[in-house]
Number of protein chains: 2
Amino acid sequence: MRVLVIDIGGSSIKLLATGQTERTRLPSSSDLTPDEMVSRVKEAGGDWTYDVVSIGYPGPVEGNAILVEPKNLGDGWVGFDFGRALGRPVKIVNDAAMQAIGSYQGDEMLFLGLGTGLGSALIAHGALQPLELAHLPYNKGRTYEDYLGKNGLKKRGKKKWREKVFEIVPAFHAAFQVDYVVLGGGNAKLLDELPPHTRRGGNALAFEGGFRLWDPDSGVRVD
Amino acid sequence: MRVLVIDIGGSSIKLLATGQTERTRLPSSSDLTPDEMVSRVKEAGGDWTYDVVSIGYPGPVEGNAILVEPKNLGDGWVGFDFGRALGRPVKIVNDAAMQAIGSYQGDEMLFLGLGTGLGSALIAHGALQPLELAHLPYNKGRTYEDYLGKNGLKKRGKKKWREKVFEIVPAFHAAFQVDYVVLGGGNAKLLDELPPHTRRGGNALAFEGGFRLWDPDSGVRVD
């Protein structure tokens with residue numbers, strides 16, 4: 001079964017299909033509608049062959065349905081029929097959840113995506129539990145995302161951002177009682193060293209997650 | 001199968017066995033050892049009949065093994081052989097986890113125990129995930145437990161404590177992407193009103209959890 005994976009990120013749409021070695025990057029925009037996204041995908045992947053599609057969406061998803069309109073894109077995403085528009089069976093999950101699935105190496109794992117925002121997901125007892133830790137209050141009315149996301153990195157600089165990673169990630173590791181934490185997202189590469197019980201992931205693993213969504217032996221149930 | 005449930009709380013040890021209508025309360029102490037606890041239990045329950053035992057322990061537990069010595073009791077708990085001491089098969093879980101199992105009403109649930117400390121556990125996808133949210137930093141270097149636990153209640157008073165409950169619980173509900181939050185522990189009764197998506201639990205449900213640990217149809221897997 002050949003899978004087309006669509007990773008809708010904070011700043012671009014990335015595509016990879018089974019058998020390809022290089023991802024395709026499409027521009028995104030703050031008024032991007034799902035119709036427009038599907039058009040761009042069909043245009044870019046016109047001569048590709050795929051049987052099913054996986055989509056990583058930058059917001060909460062449950063039971064293959066988008067729950068909330070995206071923060072940084074256009075409208076019309078909630079209720080959009082991707083299966084019909086793409087003409088294939090589609091599985092949609094939260095983007096951090098998709099990368100979490102791709103990063104999973106067994107046992108109990110907390111995934112934190114260090115990107116534009118702070119993505120999060122838990123995989124435990126063989127199942128995916130999407131999370132939204134980004135907006136939990138952390139300090140002085142600010143949130144974890146304010147410190148660990150792109151804005152926090154820009155505002156305080158790399159050194160202070162790394163210090164916050166080393167402060168917050170171990171706190172989450174203890175709070176979730178997991179075996180390890182995977183740090184993914186675009187900024188994971190800015191960490192020369194990693195906190196204890198942590199492994200480095202990366203955005204490329206989002207595609208692995210998209211492939212695993214259709215693999216019944218992946219070891220991760222997605223309800 | 002008759003179960004004896006032992007709930008080791010912050011200030012006392014509570015017992016209930018299958019068929020009993022009233023719990024038995026035994027004193028605890030800051031130097032309580034597991035040997036001493038077992039003695040007191042055997043003395044109190046001398047003529048009770050039970051086949052198996054469930055223990056709710058005030059600290060992290062994994063795979064039926066206590067991971068950390070208790071904060072407010074004596075030493076010797078890690079590695080103690082409860083099965084041998086009690087002469088019965090024993091299942092041990094974190095005390096908040098046991099109350100969570102007893103409070104569970106299906107779907108995805110976050111449990112928060114409002115007691116001496118702040119207990120927490122997640123039940124999702126049919127499985128228990130123990131948590132330790134108490135010590136996550138919340139504000140100005142203080143933790144969630146500093147605000148929602150007994151000390152926070154004493155220091156700031158009931159009105160401010162309730163305000164914090166109404167601030168923090170919805171934040172956790174969103175962060176964990178669960179269907180509902182159960183507020184248990186001894187101080188849940190201080191809430192006349194409940195935040196949205198919240199249900200009231202209580203310490204009595206710890207015993208229900210202890211019974212459910214031995215029920216293969218409970219709907220909650222404990223790894």
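Remember, predicted model here, so these are calculated numbers, not experimental data. First the proteins, then the strands, lettered A, B, ... as listed; each starts at 1.
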- Item | Whether W77(B) and F82(B) hold their rings parallel, tilted or perpendicular, with breakpoints at 30° and 60° | tilted
- Item | Partner chain B: residue of Q177(A), E62(A), H125(A) with the largest heavy-atom pair count (under 4.5 Å) | H125(A)
- Whatever's closer than 4.5 Å to a heavy atom in chain B on E167(A) counts as neither
- Note on the structure: So, the part of I168(A) with a heavy atom under 4.5 Å from chain B: the answer is neither
- Donor-acceptor under 3.5 Å (N139(B) side chain, K140(A) main chain): yes
- Query: Of the backbone (N, CA, C, O) and the side chain (C-beta and beyond), which part of R142(A) lies under 4.5 Å from a heavy atom of chain B, both, or neither?
  - Reply: neither
- Query: What part of F172(A) lies closer than 4.5 angstrom to a heavy atom of chain B: side chain, backbone, both or neither?
  - Reply: both
- Query: Out of curiosity, L114(B) CG to E145(B) CD, how far, rounded to the nearest 0.5 Å?
  - Reply: 11.0 Å
- Query: Quick one: does N64(A)'s side chain have a donor or acceptor within less than 3.5 Å of a partner on I92(A)'s backbone?
  - Reply: yes
- Query: Using 30° and 60° as the class limits, which term best fits the ring planes of H173(B) and H197(B): parallel, tilted or perpendicular?
  - Reply: parallel
- Proximity breakdown for H135(A) and chain B, heavy-atom pairs closer than 4.5 Å: neither
- Identify which part of A171(A) has an atom lying under 4.5 Å from any heavy atom of chain B, answering side chain, backbone, both or neither. both
- Just one of T33(B), I66(B), V38(B) clears the side-chain contact (heavy atoms from CB on, under 4.5 Å) bar with F80(B), so which one? V38(B)
- Item | For chain B, the option from V178(A), L122(A), L128(A) that forms the most heavy-atom pairs under 4.5 Å | L128(A)
